[in-house]
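A short write-up of the structure that comes next.
All of these numbers come straight from a predicted model, not from anything done at the bench.
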Amino acid sequence: MRPEAGATQEIPYPVHPLERARHIQADPYTGPHKNLFRAAGLSGIPSHIVAVRSFIVKILQFIFYSVGSITGIIFIIAVVISSLHQHTIETAATGLQQSVMASAQPQNTDSSAKAFLDELPGPDRIEMYPYDAAATNQSCAEQWTKRGVLDQEMENYCVNEEREGYARLVETAQKIGGFSWGKPLFDSQTAKWTKRGVVDYNEVNFVLSQDYDAYLDLKYAYSHEGINTSALAQAMDIASRSNSGISMIAFSYKRIIGKN
């Protein structure tokens, strides 16, 4: 039976929704669906508009897949960078751990401890620097100037002490200069007690003379009482790790053997 004029023709859609969508997408303006678009007032859409619509759909699909591809690439790059960063951290941690373990391991042995005590002094290796009177006088004046007033008496005392300290330092340097450990200790203590280009001769001499006395004590114990070379090697490692001198070796040795 033919439908009445003006009546809306029922469209025989396929049963499955996906099939229906595919069927409409294939030809939305012709076939059994043209009445639906005619009823909606769309039957007069020119063909070039339809072509533009199809082109826009393709552009949008291209943008969608492009964005998806870019996102995937960015994700892959992020994963690679994160992996490299993690590898760098692990490598640094491993290197630090190995460095700490290496520094904690013994550096001295019984033989090196014995060689330390058996060493005989050779040629003097220390080149003594000259006394800097101008720098010393200026340093003492600055130390004893309070609120613009110079304490002349204390300044003179400071200058005399530094002058005598330098003379004592020359003697100490001559005593330790022939040993292999003498110059390294001399250089390190000079650097430690130099402030703004001025050497504190008294402090340098005090530390080095203490180290020399400690060495003589160890040699005396080695010659007359006997000494535990294994304990001495441990004490030498302790002093080496703390960048300390022979006074620390003697102190650590006594603690290790239980002698106060």
Check your understanding: Members other than Y220 in its cluster, when Ile, Leu, Val, Met, Phe, Trp, Tyr link by side-chain heavy atoms under 4.5 Å?
Key ->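 For Y220, no cluster forms, as it stays isolated from other hydrophobic side chains.
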Exercise for review: Output the rest of the hydrophobic cluster of F251: all Ile, Leu, Val, Met, Phe, Trp and Tyr residues reachable through side-chain heavy-atom contacts under 4.5 Å, sorted by chain and number.
Suggested key: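 Taking Ile, Leu, Val, Met, Phe, Trp and Tyr as members, F251 shares its hydrophobic cluster with M248.
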[atom1] of [X] to [atom2] of [Y]: how many Å apart, nearest 0.5 Å?
X: T190; Y: I126; atom1: OG1; atom2: CD1; result: 8.5 Å
X: K114; Y: S230; atom1: NZ; atom2: OG; result: 13.0 Å
X: F179; Y: D124; atom1: CZ; atom2: CG; result: 11.0 Å
X: K254; Y: L218; atom1: NZ; atom2: CG; result: 8.0 Å
X: L117; Y: L232; atom1: CG; atom2: CG; result: 5.5 Å
X: T172; Y: Q210; atom1: OG1; atom2: CD; result: 10.5 Å

Spell out, yes or no, whether [X] and [Y] are grouped together once hydrophobic residues are joined by side-chain heavy atoms under 4.5 Å, including indirect joins.
X: I238; Y: I227; result: no
X: V159; Y: V198; result: no
X: V170; Y: Y212; result: yes

Say whether, by atom type as modelled, one donor and one acceptor occur between the side chain of [X] and the main chain of [Y] under 3.5 angstrom.
X: N202; Y: E161; answer: yes
X: S252; Y: I249; answer: no
X: T136; Y: D132; answer: yes
X: N137; Y: A133; answer: yes

With heavy-atom distances below 4.5 Å as the criterion, would you say the side chains of [X] and [Y] are in contact?
X: K146; Y: M154; answer: no
X: D151; Y: E155; answer: no
X: S209; Y: R168; answer: no
X: D200; Y: E162; answer: yes
X: M128; Y: L169; answer: yes

Between [X] and [Y]: side-chain donor-acceptor atoms closer than 3.5 Å:
X: S139; Y: Q143; answer: yes
X: Q174; Y: E171; answer: no
X: Y222; Y: D118; answer: yes

Check your understanding: When the ring centroid of F186 is compared with that of Y129, is the distance short of 6.0 Å?
Key ->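 Yes, the ring of F186 comes within the 6.0 Å limit of the ring of Y129, centre to centre.
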Closest approach of [X] to [Y] (non-hydrogen atoms, all atoms of both residues):
X: V204; Y: Q189; answer: CG2-O, 3.7 Å
X: K219; Y: E119; answer: NZ-O, 4.0 Å
X: D211; Y: I246; answer: OD1-N, 3.1 Å
X: K183; Y: R125; answer: CD-O, 3.3 Å
X: C158; Y: W144; answer: CB-NE1, 3.8 Å

Review point. Parallel under 30°, tilted from 30 to 60°, perpendicular over 60°: which one fits the rings of Y215 and F116?
Key: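 Perpendicular.
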Review point. Take atom CD in E225; do more than 12 heavy atoms of anything else shown fall under 6.0 Å from it?
Key: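 Check passes, neighbour count above 12.
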Point to revise | Under the ring pair (Phe, Tyr, Trp, His ring centres under 6.0 Å) test, residues paired with Y157 that sit two or more places apart | key: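 Ring pair (Phe, Tyr, Trp, His ring centres under 6.0 Å) list for Y157, sorted by chain: empty.
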Review point. Do V207 and W193 pass the side chain to side chain contact (heavy atoms under 4.5 Å, CB included) test, and can you show the C-alpha distance, the side-chain angles, and the key distance before you say yes or no?
Key: CA-CA 10 Å; V207 175; W193 293 104; 4.0 Å; yes
Review point. Are E203 and K195 ion-paired here, with the side-chain N under 4.0 Å from a carboxylate O?
Key: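 No, no charged N to carboxylate O under 4.0 Å.
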